[in-house]
Amino acid sequence: MDLEFNEEQAQAAEAARRFLARECPATLVRRVREGRPAHPDALWAGMGAQGWLALPFAEKYGGFDADWVTLGAVIEELGRACDPTPFIDCVVSCGGLIQDAGSEAQKQRWLPALGRGELLVSLAMLEVATDPDPEQVATRLEAAGSSYRLSGRKLFVERAAGAHLLLVTAREAASGELRLVLVPAQEPGVELVRLQSFAHPHLFEVRLDDVAIDAGQILGEGADAMPHLRRALQCTAALLAAAAAGGSQRVLEMTLAHARERQQFGRPIGSFQAVQHMLADVWTDVETARLAAYEAITELHLGRAADEKVAIARCASSETFVRSCFTAHQIFGGVGFMWEADLHLWTRKAKEIELACGGTVLWRRQLATLL
Amino acid sequence: MDLEFNEEQAQAAEAARRFLARECPATLVRRVREGRPAHPDALWAGMGAQGWLALPFAEKYGGFDADWVTLGAVIEELGRACDPTPFIDCVVSCGGLIQDAGSEAQKQRWLPALGRGELLVSLAMLEVATDPDPEQVATRLEAAGSSYRLSGRKLFVERAAGAHLLLVTAREAASGELRLVLVPAQEPGVELVRLQSFAHPHLFEVRLDDVAIDAGQILGEGADAMPHLRRALQCTAALLAAAAAGGSQRVLEMTLAHARERQQFGRPIGSFQAVQHMLADVWTDVETARLAAYEAITELHLGRAADEKVAIARCASSETFVRSCFTAHQIFGGVGFMWEADLHLWTRKAKEIELACGGTVLWRRQLATLL
Amino acid sequence: MDFRFTPEQEQLRQDIRRFLDEHVSAELRAEIATSAHTPGPLARCFLRLLGERGWLGIGWPTEYGGQGRTMLEQMIFYDELDLRDIHYGGLTITSLAMTLMKLASEEQKRTYLPRILRGELEICLGYTEPGAGSDLASLITRAERDRDDYVITGQKVFTTGAHYSSHIWLLARTDPGLPRHKGLSVFIFPLDSPGITVRPLYTMGRIRTNEVFLDHVRVPASAMIGAPNSGFHTVAVALDFERIFMGKYARLRRNFSDLVACCRKLSRNGRTLLEDPVVQDRLVGLHIAIERLRLLCFKSAWKVDRGQVPTAEASAQKVLASELEQRLADEGMKILGPCGQLESGSPHAPMEGRLVDAWLLAPMMRFGGGTNEIQRDIIAQRGLGLPRA
Amino acid sequence: MDFRFTPEQEQLRQDIRRFLDEHVSAELRAEIATSAHTPGPLARCFLRLLGERGWLGIGWPTEYGGQGRTMLEQMIFYDELDLRDIHYGGLTITSLAMTLMKLASEEQKRTYLPRILRGELEICLGYTEPGAGSDLASLITRAERDRDDYVITGQKVFTTGAHYSSHIWLLARTDPGLPRHKGLSVFIFPLDSPGITVRPLYTMGRIRTNEVFLDHVRVPASAMIGAPNSGFHTVAVALDFERIFMGKYARLRRNFSDLVACCRKLSRNGRTLLEDPVVQDRLVGLHIAIERLRLLCFKSAWKVDRGQVPTAEASAQKVLASELEQRLADEGMKILGPCGQLESGSPHAPMEGRLVDAWLLAPMMRFGGGTNEIQRDIIAQRGLGLPRA
């Protein structure tokens, strides 16, 4: 048992924290939330230059073949910094799917560009407004001679407007099997409709109306892609847990600092028993959420059937992040509620992470099946 | 709107509190829990002399036709006193069923005796160890010439060993309808098996093996008794809520007294913010639980469709009683945990009430159907 | 015991509903939906209509032109307005006007009460300062006597309503020589007095609040409510009127009912959300909690009508309502699935984004108006008689 | 990072299991099932067997005859014993013996350690008094110097284990002239010393505890641990050893697994309890909570093995474990339906009545061993560095 980073991982985390402190201040987070700009080009380029965007990819695709814990350490820091980038969606989910399900040619074509930060891909998966289940897919991919036509509607697609490619889940009409289709976001027949979420500022509905697809856009050799999708969602969930753990730690630190400094009734408010007990509970939550996240990540790393640990990590960390924000608001009071204060950036992020990629509800259900 | 007792009700409550303070001390509660004796004869006789056992019955059956709030006020006091009697089961549930479903002859025969405290009746309703649903009835009542045979198994029958009669729910074989059958507990073919509950000290399994029944033992004229049973369960639930409200109030009072008196670190423990906040929450719970109980009871009194209010009262008050005991134990510490201390009598009572007559789970489900 | 409203009270509710049905226009509804808690021109207009028809004085004694109605009747009135998110002047009507009646001079009453009653005058609270939140007695805004005037200098924050109110009800230090909470006084004066700057503070919950800077603001001594240095008492009196309105249930009940309706309509995987047993179980828990709050609101109002002060009840109302607001919003969004996050105006937004609005506003409900920790202290100490630490 | 036990640690677990499989007889299991936390003759016998085989010294340094194993290995050992409810002497082994090694005289070590290691000697804690619970420093039991002896008079309560232990580890006031927590000393002496009366205190949770009356009990000065008036320090050292064992997860995990197994087996209305979505949802919530606790236990043990003191972690463990014990028992009983209330031995009792036992014991877990309020104070003050009130 070893519950801390090895040297390499610690260095990655440390470097990430330094980099983000410089390149990802709360002012940037705020600007990107407000859409000025919607995508943080300079930060993204910087992350590319740091090699982060290629971390999970094999060396022959320009990647670093990083171990999962290193990736988790970087993502934890992104969570701490409340990062406004599509890192998890683009690199972990979509990049992971391309690497996992793509043909050699597809990997050669897309992964290096993705790793350099030149290619933005968004996962277009959900279809029902009320349903986080990625297996509810009605979008149809229909053969038409040697090519295909794609039709359907996708919801909750992150940053679709800024993406170069959409990675669309669809059912092949003939086989009923799942296919992963790379669709240029500007393609004729693709229409984007903005959704307004309080949590994720750049969500879209994607309407696909008889979009022409050629075989090269379909990942892999035409086998059922469901196992790949499940695997990608598992990795994404584990790493979202790291982001949530990072975010909640940062919120706890901000709250502690405030509780120590803010004086009322002639003493720091952190000396009141009610405040102390709230913070003690948050600390316990945060501590265990972070452990759960890394346990899930190490299970992935070991290639073990990680569903249970991933589900626990995903649920525990998101609950923790949201609750720690609620407590933070209570202790900060008016000062933390102001638009100009940074706290609400994390509060929204907490919900963004909770709802990302099908949301925690999915994983609670998953856990039920594993009982 | 009038949220307090009228004069008559206030007098009944006041008299009940005085009577119970004298006749129902914690020592008696404890003795009856330990089965020495299982039934508090003197207290029961006293309650009969006070007229309580005939409160809900019509005058022509020796009753007082009391309004529901008066009955609730008395039962609230019984809850406060942690009474060890079968009042609710015998008088409210069984007495109510006889009055509601019985023939004129049956009422004449049983109600006056019940009201005088000479007749103990226990409701034998549940059959499945895991299932609180009173509609799951497999016990069969089969015609045999001009009489009947009764076979089946009943669980969680309160004080069956001391009862004169068991009021058994059964399905008539021919019609499949529900029947209510009065069975002498000592009848051949009736076997009692003791169940050990931490909550209710006198629970039994009742095995009915081809028990001879004649038509006069079946309540009413052979119509489906399910509506009567539902109505009786509703009344019972509303009054159990009053008992739970009474019990939790008493526990709060004991805890407050302890928190004011007990000194640690040179001051009363009730001056610690953590203790104050626990007690503030208990007070809020208790206050609202009591209001919910009486709202349900007044709805019954008005003859309105009271299911929703009853369900809310039943759930809110039992949750409150259990939680207030948990908090009491935390504030009392070791002193309250001792066998010799009285607190655990209420703690067990809280669970006894929660589980009585199908339990609160039933009413949560009921509430779901009313959404 | 009787938990019902009387036929007369039910009639009152119908009258109010009919009045609102007739006079709340589609335009006003649209304005409210987008106003983020700041009354727009139509809402201001409607406030004056409420005044004209005598509704604003519903709880005022008849001697001040009010209807002299009971607190239960007021509750019915405000609930009906809350259900439609109608602006009625809030604590100007329910708390400050009542405090004026109790503590103000005859001249002050003549100056303010008729205009408040007509809906022409609104007052915001100038209590909180950057260094004085829960601990109000540590405020430093100074009001110095200068012959017949006071000259006020300082800064207030979280002055909600300062951007649309005409007056401010300001607590300032009049005697720094006295113990902290003894040297304070309350003043009422127009917000357009020279030396006042109001700056917007926008919040996470969309509601706008303000900073108010006071730079040698000169007000006549007659602007003081009550005696010099009696400000803490004045504030306590106002708070006793205010507290009963702090934790309300009407909007919570409405949001819950809307959520249930939404669960009946929306479906997932071939069945409605309401058919999902886990959804049912969550809704049942919320339902019970809201009913508890409703009963506590009844109790408070009923006690007031009997001449009692519902101290613990009002604090408990505030605690229950604010925590339930957050819980309902958070659990409700989970029940609705991914679309739960969508805001009013977005495609696929359920319940017109109302749960999202509530979620974003909920933190303020918990810490504002006296934090829930302070409310629990009040229940324990003033309600249950536990000793102070 | 690695959350797994090493192959050697897994092997150790297997060794322990095999040992227990071989030596825990059906008779011992039956004794345990009915012993209500008081070790019976077979359990005492088994304790000596554990001693003989060297298991009791699993965490002791080799210089004292122990195995010198890591805390993680100790955790494995104690977890396996806990899963079968085996009595291993509790804090005699895990805390007091360690404190003796650190603070006792050579003679005391020679007197006590070998016998403890053989399972012949058990020590109970004599801290709490009727007037001194959370506030231990207010205790009044006096130990007065009389030439080479101390004469001790006073009363202890909630002295768990005093009826089967051979010795008591007693905190008494040796200098009333010093500030409250400075005039205390710890003594160790046999419970059969003249002047000691042990009276049973039975509890709601079935566990027996005791009152211990000390009437001029004469003990030699050599019975004192450490220097005179250093008792509070001695207690703190012992507590540092004890705290990591206060909130454990093995039994909780076992009870949870048993509950799930039971839900798979029992059915209601034509389907197993586990097929009920609401039951699943409740179980998922419990499962996540127990996993959090398990991780915290790992963290504490791992920190100890790195030479760190897991102050906040241990307090958090105790809080989580005790509150979860109550929640698991209460929710579990609700899940099981009416039979959930049935006790071990009753017809229809599920899980051998184990949830009922846990429910009845849970209050003590929350207030005992330092109330959860005090544990949260510790997390906040010692763990997070927040200032004392």
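Quick note on labels: first sequence line is chain A, next is B, and so on, each numbered from 1. The structure displayed is predicted, hence computed values, not measured ones.
Of the listed residues V279(C), D281(C), L293(C), the one with more heavy-atom pairs under 4.5 angstrom with chain B than any other is D281(C). Note on R292(C), R388(C), Q381(C): by heavy-atom pairs under 4.5 Å with chain B, the leading option is R292(C). The candidate from V69(B), N6(B), T298(B), V275(B) with the greatest count of non-hydrogen atom pairs under 4.5 Å with chain C is T298(B). Counting heavy-atom pairs closer than 4.5 Å to chain B, the top residue among L274(C), N372(C), D377(C) is D377(C). No other option in I379(C), L384(C), V260(C) has as many heavy-atom pairs under 4.5 Å with chain B as L384(C). Contacts with chain C were tallied for Q9(B), R365(B), Q273(B); Q273(B) has the most, counting heavy-atom pairs under 4.5 Å. The greatest number of non-hydrogen atom pairs below 4.5 Å with chain C, out of H301(B), E308(B), E299(B), is found for E308(B). The residue among P277(C), A312(C), A289(C) with the most heavy atom pairs within less than 4.5 Å of chain B is A312(C).
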Practice task
Dump the intermediate steps for side-chain contact (heavy atoms from CB on, under 4.5 Å) on F5(B) and M1(C), then the final yes or no.
Solution key: CA-CA 5 Å; F5(B) 294 142; M1(C) 268 189 174; 3.8 Å; yes
Practice task
Apply side-chain contact (heavy atoms from CB on, under 4.5 Å) to R4(C) and R304(B), showing your working.
Solution key: CA-CA 12 Å; R4(C) 294 169 303 169; R304(B) 308 219 285 196; 3.5 Å; yes
Practice task
May I have the step-by-step check of side-chain contact (heavy atoms from CB on, under 4.5 Å) for L302(B) and F3(C), ending in yes or no?
Solution key: CA-CA 11 Å; L302(B) 295 166; F3(C) 286 73; over 6 Å; no
Problem - side-chain contact (heavy atoms from CB on, under 4.5 Å) between K299(C) and L291(B), worked out - result: CA-CA 8 Å; K299(C) 178 82 181 293; L291(B) 290 167; 3.9 Å; yes
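Between T284(B) and V319(C), every side-chain heavy-atom pair lies at or beyond the 4.5 Å cut-off.
Pairing each heavy atom of F5(C) with each of M1(B), the nearest pair is CE2-CE, 3.7 Å. Nearest approach of A316(B) to I288(C), heavy atoms of both residues: CB-CG2, 4.0 Å. In plain terms, the two heavy atoms of L3(B) and D2(C) that are nearest each other are CD2-O, 3.9 Å. Contact between L386(C) and A259(B) at its shortest, heavy atoms only, is CD2-CB, 4.3 Å. Nearest heavy atoms, A380(C) versus A280(B): N-CB, 4.4 Å.
Inspection of the R294(C) and T288(B) side chains reveals no N or O donor paired with an N or O acceptor under 3.5 Å.
Distance alone, capped at 3.5 Å, is enough to place a donor-acceptor pair between the H277(B) side chain and the E373(C) backbone. Remark: the backbone N or O of I378(C) is not paired with any side-chain donor or acceptor of Q276(B) at under 3.5 angstrom. R364(B) places no side-chain N or O within 3.5 Å of a backbone atom of V284(C) that could act as its donor or acceptor partner.
Only the side chain of D281(B) comes within contact range of chain C, judged by heavy atoms closer than 4.5 Å. Neither the backbone nor the side chain of A301(C) comes within contact range of chain B, judged by heavy atoms closer than 4.5 Å. The contact between L296(C) and chain B is made by backbone and side chain atoms together, counting heavy-atom distances below 4.5 Å. In this structure, no portion of Q375(C) lies under 4.5 Å from any heavy atom of chain B. Residue contact with chain C, scored on non-hydrogen atoms closer than 4.5 Å, involves the side chain of E287(B) exclusively. Looking at D305(C), there are no atoms closer than 4.5 Å to chain B (heavy atoms on both sides), in backbone or side chain.
From E291(C), atom CD reaches atom SG of C315(B) across 12.0 Å, with rounding to the nearest 0.5 Å. Taken to the nearest 0.5 Å, the CG atom of L371(B) stands 6.5 Å off from the NE2 atom of H287(C). How far CZ of R376(C) is from CH2 of W283(B): 12.5 Å, rounded to the nearest 0.5 Å.
For the pair E4(B) and R306(C), the salt-bridge criterion is met [side-chain N within less than 4.0 Å of a carboxylate O].
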